[in-house]
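One-based numbering, in listed order, for ligands and for the atoms of each.
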Amino acid sequence: MKFSKALLFFVLVVALIAIVGCASATPAAQPPAASSAAPASSAASQAAAKTYKDMTLCYPQLGAESDWRTANTASFKETAQTLGIKQLVFSDAQQKQENQISAVRACIQQKVDVIALPPVVEDGWDAVLNEAKNAKIPVIVVDRSVSADKSLYASHIGSDMVLEGERAAAEFNKMMPNGGAVLELSGTTGSGAAVGRAKGFRNKINANIKILDSQTGNFTRAEAVPVMQAFLKKYKAGTDFQGIFIHNDDMGIGAIEALKAAGVKPGDLKIVSVDGTRGGFQAMVDGWFQADVECNPLLGPQVFEMALKLMNGQTIDREVLTNETVYYPDKAKDLLPTRKY
Ligand code: GZL
């Protein structure tokens, strides 16, 4: 059977089209592209770690009542500046809890990353801490403590206020081995600082030293003056009482003003204060204070570090206590120029 060349060519062309056409209609299985099918790498699957530049931290400061508080505020503002955080949402509650609670609520509305709360008093925080928890905004309690359940905040960082009171008591025990009587000028009523210091003082004061009276000066110089004046009207310095335990240096300086006006001289009484501010060191240099129990306000760097860890889902210690000491007049003159607050 003889095929014409033309027919043979036609058959070949048709066969060729049939082969090519199938190929294009059913693409061959493509090898998996490395980027789409391979399991994502662990780095790629994790969201990029947050940095300080991503941080909006809320610091609803309780007030500006003392040199300690001024230094605490400066520590947060300066650290925020140095770290270059996105925003420090700062406010001053003028020592009013309702103002602090409003400030926290505003920060929750703003959807800040972390709230660092320096509570003016211990009680009354449960509701707003629950609101922050429900909004998934972690809270770090700073400085003074709260009575709210620990599940409502991520951590507390501050001083051991009970230990501070115990340290003050130990000084009176040393200075008044034969006993006597002391007055107490306490801090803000209901504040973790005043409650802790009073508790610690009573834990360790010797039985032969009587706490003759106790009044609050609300941690301010101005409010301590009339309290000390009233004490001096009621009790004879040196006779009815031989010492004064004062919960912070600012009130101590106010008390000195009243003592001077009443004719009391440096050294007539045994006075122990708390904070270790420049004002307290000067009072030791001048002979008014026989000891000053340290309470460190410079908590900014640690709090920002804790906040960044929380933003990156890392765990932090639930309780961070600052290491502190007691300062005495014999070194006060040399140390005064080195004091940071
Ligand atoms: C203590 C702090 C107190 C200081 C005062 O940690 O809360 O409040 O002792 C300050 O000086 O006003």
**Report entry** Candidates Arg221, Arg69, Arg278 - the one meeting salt bridge (Lys or Arg N to Asp or Glu O under 4.0 Å) with Asp250
**Finding:** Arg221
Query - Within-4.5 Å side-chain heavy-atom neighbours: Glu166 and Leu163 - result: yes
Query raised in the report: Going by the order shown, which atoms of ligand 1 are within less than 4.0 Å of some heavy atom of Arg69?
Result: 2 (C), 7 (O), 8 (O), 10 (C)
Report summary line: Of all protein heavy atoms, the one nearest atom 1 (C) of ligand 1 is Arg197 NH2, 3.2 Å
Report summary line: for atom 2 (C) of ligand 1, nearest protein heavy atom and its distance come out as Asp143 OD2, 3.4 Å
Query - Ligand-residue contact atoms, ligand 1 with Asn248, heavy atoms, under 4.0 Å - result: 5 (C), 9 (O), 11 (O)
Report summary line: In this structure, atom 11 (O) of ligand 1 is nearest to the protein heavy atom Asp275 OD2, 2.6 Å
**Report entry** ligand 1 contacted by Val274 (non-hydrogen, < 4.0 Å)
**Finding:** no
Query raised in the report: Picking from Tyr327, Tyr341, Tyr328, what satisfies ring pair (Phe, Tyr, Trp, His ring centres under 6.0 Å) with Phe281?
Result: Tyr327
Requested in this report: For Cys295, counting its heavy atoms only, list the atoms of ligand 1 lying under 4.0 Å from any of them.
Outcome: 1 (C), 6 (O)
Query raised in the report: What atoms of ligand 1 come within less than 4.0 Å of a heavy atom belonging to Arg144?
Result: 2 (C), 3 (C), 7 (O), 8 (O), 10 (C), 12 (O)
Requested in this report: Any chance you could measure Met55, atom CE, to Phe304, atom CZ, to the nearest 0.5 Å?
Outcome: 7.0 Å
Query raised in the report: At a 4.0 Å threshold, what atoms of ligand 1 neighbour a non-hydrogen atom of Glu65?
Result: 8 (O), 10 (C), 12 (O)
Query - ligand 1 contacted by Met251 (non-hydrogen, < 4.0 Å) - result: no
